[in-house]
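For reference, the structure is listed below as structure tokens.
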Amino acid sequence: MVLEIGNRYILRRFFSGLLAFLLSITLTFFLLRSLPGDYMTDLLLEIGRYAPPELVASFKHEVGLDLPLPKQYLLYLTGILKGNWGHSFEYGLPVFSLIREKLYWTLVLLLPSTLLSAGLGIGLGACSGWKNGSKTDAFLLHSLVFVGAVPSYCWGFAGLFIFSFRLGLLPFGGYVSLPSTEPAGLFRHALLPVLTLTLCSVPGIYYLMRNSMLDTLGEDYILAARARGFSESRILFQHALPNSVLPVLTMTSLHCAHMLAGSVFIETVFAWPGLGLLTFSALEAHDLPLLQGIFLVDTLLTIIANLTADLLYPLIDPRIRSRIRGE
Amino acid sequence: MELIEIKSLKVTFPTEAGPVRAVDCVDLQLGVREKLGLIGETGSGKSVLTHAILRLLQPDALCEGEILYQGRNLLGLAPTEMRRLRGRELALIPQNRALNPLQTVGKQLLETLRQAGYSKKEAAAKMPELLRSVGAIDPDSWTKAYPHECSGGMCERIVIALSLAFSPSLLLADEPTKGLDSLNRARIITLLGAVTRNQALLFITHDLEAAAMLCTRLALMYAGELVELGDKDTVFENPLHPYTRGLLFALPARGMQPILGRSPPLTALPDGCRFHSRCPGAMARCRRQHPPLFDTGNRHFCRCWLYV
Amino acid sequence: MLEVKDLTVSFMTGPSIDKDRKQSLRAVDRVSFSLKKGEALGLVGESGSGKTSLGLALLQLIRPTFGSVCFCGIELTALDGRALREIRPRIQPLFQDPTSSLNPCMRIGTSLEEALRLKAPLSKEEARTDALKLMELVELEPGLYSRYPFQLSGGQNQRAALARALALEPDLLVADEPTSALDVSVQAQILGLLQKLRQERGLTLLFISHDLEVVKKMCDRVAVMHAGKLVELGKTEEVFKNPTHPCTKSLLFPDLEVGPVPTKRSFSKAAARIPDEKGFSGLAAWTAARGKLNSCFSGNGPEISGFSLLSFLKEKFKPCKKRMQQEPRWENANKNEELVEISKGHWVLSPSSFSILD
């Protein structure tokens with residue numbers, strides 16, 4: 001199949017992804033440099049002291065912030081290529097290893113909840129669209145409107161209140177009371193945050209899927225399939241579902257990237273020490289190298305998600321396949 | 001013995017503006033191997049009628065009356081029984097050359113042949129034969145193609161092949177020549193005539209010439225009801241209803257005289273005859289009283305007060 | 001007014017089912033013709049013959065690969081950017097699907113006003129009055145001014161599209177199958193309107209259609225296209241009375257019994273008696289011509305314009321493929337063929353190439 005798409009297409013997508021990546025890190029680099037305030041001033045303000053200008057200047061000199069911007073940029077780029085993402089001001093540790101550790105914990109939440117929400121959203125949406133006008137449809141539609149209208153952290157609190165406080169079934173938060181390799185403990189700790197994240201992203205996918213299913217069911221080939229006497233399940237799974245899933249695909253991949261940002265709330269509520277929490281503290285502390293690193297990872301994940309959708313699309317849709325061949 | 005007999009069929013859709021009757025008191029008979037052309041404008045209810053026969057209307061549509069197929073009322077059949085009839089006995093050639101865009105032609109044909117009861121091997125063997133019967137010279141290249149790679153005429157042929165997979169006794173063709181150029185139109189009409197030699201055909205179209213080529217009887221629909229019904233030659237040589245005449249004279253070859261105005265929306269049907277606002281010979285009675293379908297003899301029926 | 005010379009449009013096509021390498025397809029192949037002011041030229045051909053591409057190339061909506069389009073002394077192919085934008089209002093298109101050629105989020109009146117404002121800056125009231133005048137011109141009820149396209153019927157939408165084109169007071173209207181999506185009675189209304197406008201406004205019309213009866217009714221001259229080439233051009237009566245190129249003949253009299261249709265006899269019995277010979281001249285001609293004419297597609301009629309044009313041609317010339325490989329006669333003939341004037345104003349693609357088509 002991959003060969004059929006053509007290596008040129010994959011290469012081209014890859015290069016456009018790379019270009020987007022370069023543009024994006026350049027933009028974040030200069031944007032972060034234009035933020036008012038700096039790490040030292042903020043740090044001292046926190047303990048109620050005014051930072052003397054010499055101290056600020058010597059700090060800037062030490063971390064290289066007094067160099068001209070183009071030179072800083074060049075150093076940054078060469079650093080990335082060499083795998084040296086700089087050191088965090090706040091933690092004094094290499095940014096790369098800091099992020100790697102936190103990213104692991106974020107992905108522990110993100111991957112299952114992406115899969116779950118895609119599955120649930122597509123499943124429920126298909127069901128709702130298929131049974132359009134029925135009680136099931138109305139029930140699903142109304143309950144998901146409700147689910148989508150409530151902010152994510154509210155669901156987090158509600159979950160904590162019921163399962164942890166009232167029933168005492170699950171821990172209140174955190175993750176590290178046990179070694180992370182212990183699956184049962186990990187599961188117990190991750191369950192609530194994963195469910196909350198899922199709950200927040202299901203409605204979006206559900207609406208899209210429901211609409212897409214309704215559109216597909218209005219197509220003449222569905223009618224034709226019925227007129228041929230095919231069973232309903234055959235029409236659903238062979239004809240309606242593959243066609244209506246197409247527009248949802250792109251949306252889901254983008255959703256995954258968005259959840260990365262959305263997880264800040266969830267990680268705060270559940271004291272889950274992932275990337276979201278790290279971003280929050282880095283922003284607060286004006287920790288430039290760390291922020292740069294985090295944005296870099298965010299960009300990378302978004303681009304990978306997009307690339308996946310781009311590569312999946314032609315596998316499913318022959319029309320895209322021939323357009324690619326025509327390009 | 002008639003193959004299919006429609007008795008005072010009414011189809012009503014609930015809408016926000018109140019119930020809309022898309023098909024109103026239609027009576028039609030279709031004999032074995034008979035070819036009937038059902039002619040009407042967009043929105044005259046001709047597609048709704050075919051979908052009602054196949055019971056493929058949306059679930060909230062209300063069908064009243066009877067549709068007798070070989071003596072059995074289709075409207076009273078259980079869904080599973082109806083499903084068994086669809087395709088096997090009553091096949092639809094859907095509008096707009098409807099094919100699933102994600103599957104190759106071959107896959108769709110195979111699926112349909114399997115549904116028709118062939119084993120995998122038989123179906124694979126039957127497929128080229130079926131495609132050849134609709135005019136394919138190189139069936140193998142057709143089966144590998146996706147619908148978007150096929151031209152309009154080719155898609156139409158494939159759709160016809162799909163509906164023939166079961167060898168049904170009645171074929172309902174919904175505007176098969178729509179959007180085709182004159183050459184392809186002529187070919188599709190020829191093909192339809194040839195493949196339905198042992199089948200009854202209900203040919204839905206707004207293309208009068210195509211209907212003249214293919215059918216032995218014609219039925220004209222206007223705003224949800226039949227306005228004229230008769231043998232093809234009688235209708236063309238001696239059109240009775242003003243609407244039929246208008247349609248004939250609107251043909252480019254016959255002077256291209258347009259019918260004034262446009263058909264009334266089904267939500268706001270006028271009193272009296274539904275055509276009276278566009279009718280050049282409307283009388284006072286036409287504005288007041290709704291005409292029934294008059295029998296003018298010679299198997300020719302017309303819904304107009306001129307023929308009381 | 002319009003002078004087209006050697007116009008060529010090539011596309012790169014990928015999606016051909018048997019090959020997945022790139023192929024270049026000449027949708028329009030060295031077409032030349034001219035159009036006088038106030039004239040109506042009909043462009044006919046089966047689907048895939050390149051008539052729509054030709055129309056779009058005239059409008060510069062696709063840029064021609066080669067050749068010249070000279071409009072009122074201005075070379076359109078050389079224009080770019082602003083200059084092109086300034087000339088565009090003078091050539092207006094009218095498309096096949098009226099509903100999709102109007103912005104679905106814009107009221108009919110707003111669409112018209114937008115076009116009117118392009119011509120001259122107008123106040124709100126002026127624009128409204130002008131728009132209503134236009135609607136009256138195309139026989140649209142004023143009540144439809146604030147409606148959206150989806151609330152209108154196909155015929156009404158086509159009238160609105162026509163009004164929008166007329167708002168710019170064009171010299172040339174390129175109508176690409178403006179009625180093929182409409183019902184017969186509505187078609188007659190729209191075509192009648194077009195004829196009326198031609199008489200009243202002296203509009204020049206390029207009328208693209210596959211319906212010969214319509215072209216016969218609407219146009220002074222007719223041009224026949226086949227496989228991207230102009231194969232016949234002449235006065236409408238002349239071409240219809242004396243069609244010379246095999247492609248024209250086959251368009252006029254589609255041979256109904258082409259192709260491997262299994263039962264010729266049983267069907268011809270049913271279709272042989274066509275009512276009203278005078279009225280249905282096209283149909284009568286079909287039957288009359290059946291069997292007599294060897295149209296240029298006989299033999300594999302059913303599959304014409306299947307797949308891409310190129311694979312069609314390949315299929316078409318299969319029998320003589322071997323010979324072609326020995327001596328590339330077809331290609332030579334292809335290069336040398338020219339339009340030949342067989343009688344005054346009646347041009348036909350060099351008759352020497354018929355042998356290859358037959």
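A quick note: this is a predicted structure, and the numbers were derived from the prediction, not measured. A note on names: the letters A, B, ... follow the listed sequences, proteins ahead of strands, and every chain is numbered from 1. The figures here come from the full heavy-atom set of this structure, side chains too, leaving out hydrogens, waters and symmetry mates.
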Could you look at B:Leu90 and say if it's the side chain, the backbone, both or neither that has a heavy atom under 4.5 Å from chain A? backbone
The interface call for B:Gln58 against chain A, heavy-atom contacts under 4.5 Å, is neither
What is the minimum heavy-atom distance between [X] and [Y], and which atoms define it?
X	Y	value
B:Gln95	A:Asp220	O-OD2, 3.3 Å
A:Tyr221	B:Ala98	N-CB, 3.2 Å
B:Arg83	A:Gly229	NE-O, 3.3 Å

I'd like to know whether A:Phe230 forms a side chain to side chain contact (heavy atoms under 4.5 Å, CB included) with B:Arg86, so could you lay out the CA-CA distance, the side-chain angles of the two residues, the decisive distance to 0.1 Å, and finally the verdict. CA-CA 9 Å; A:Phe230 289 143; B:Arg86 281 186 209 135; over 6 Å; no
Those residues of residues 233-249 of chain A, ordered by number, that approach chain B below 4.5 Å (heavy atom to heavy atom):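 At a heavy-atom separation under 4.5 Å, chain B is reached by A:Arg234, A:Gln238, A:His239, A:Pro242, A:Asn243, A:Leu246.
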Quick one: pull up CG in A:Asp317 and NE2 in B:His148 and give me the separation to the nearest 0.5 Å.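 The NE2 atom of B:His148 is 8.0 Å from CG of A:Asp317, to the nearest 0.5 Å.
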So if I apply the side-chain contact (heavy atoms from CB on, under 4.5 Å) rule between A:Arg226 and each of B:Leu92, B:Leu54, B:Leu56, which one comes out positive?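 Single side-chain contact (heavy atoms from CB on, under 4.5 Å) partner of A:Arg226 among B:Leu92, B:Leu54, B:Leu56: B:Leu56.
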Pairs of heavy atoms under 4.5 Å with chain A: top-ranked of [options]:
options	result
B:Gly87, B:Pro94, B:Pro101	B:Pro101
B:Glu111, B:Arg84, B:Gln103	B:Glu111
B:Thr112, B:Ile93, B:Asn96	B:Thr112

Heavy-atom proximity to chain B below 4.5 Å, by part of A:Thr216: neither
Under a 4.5 Å cut-off applied to non-hydrogen side-chain atoms, are B:Phe166 and A:Arg228 in contact?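 A side-chain contact under 4.5 Å exists here.
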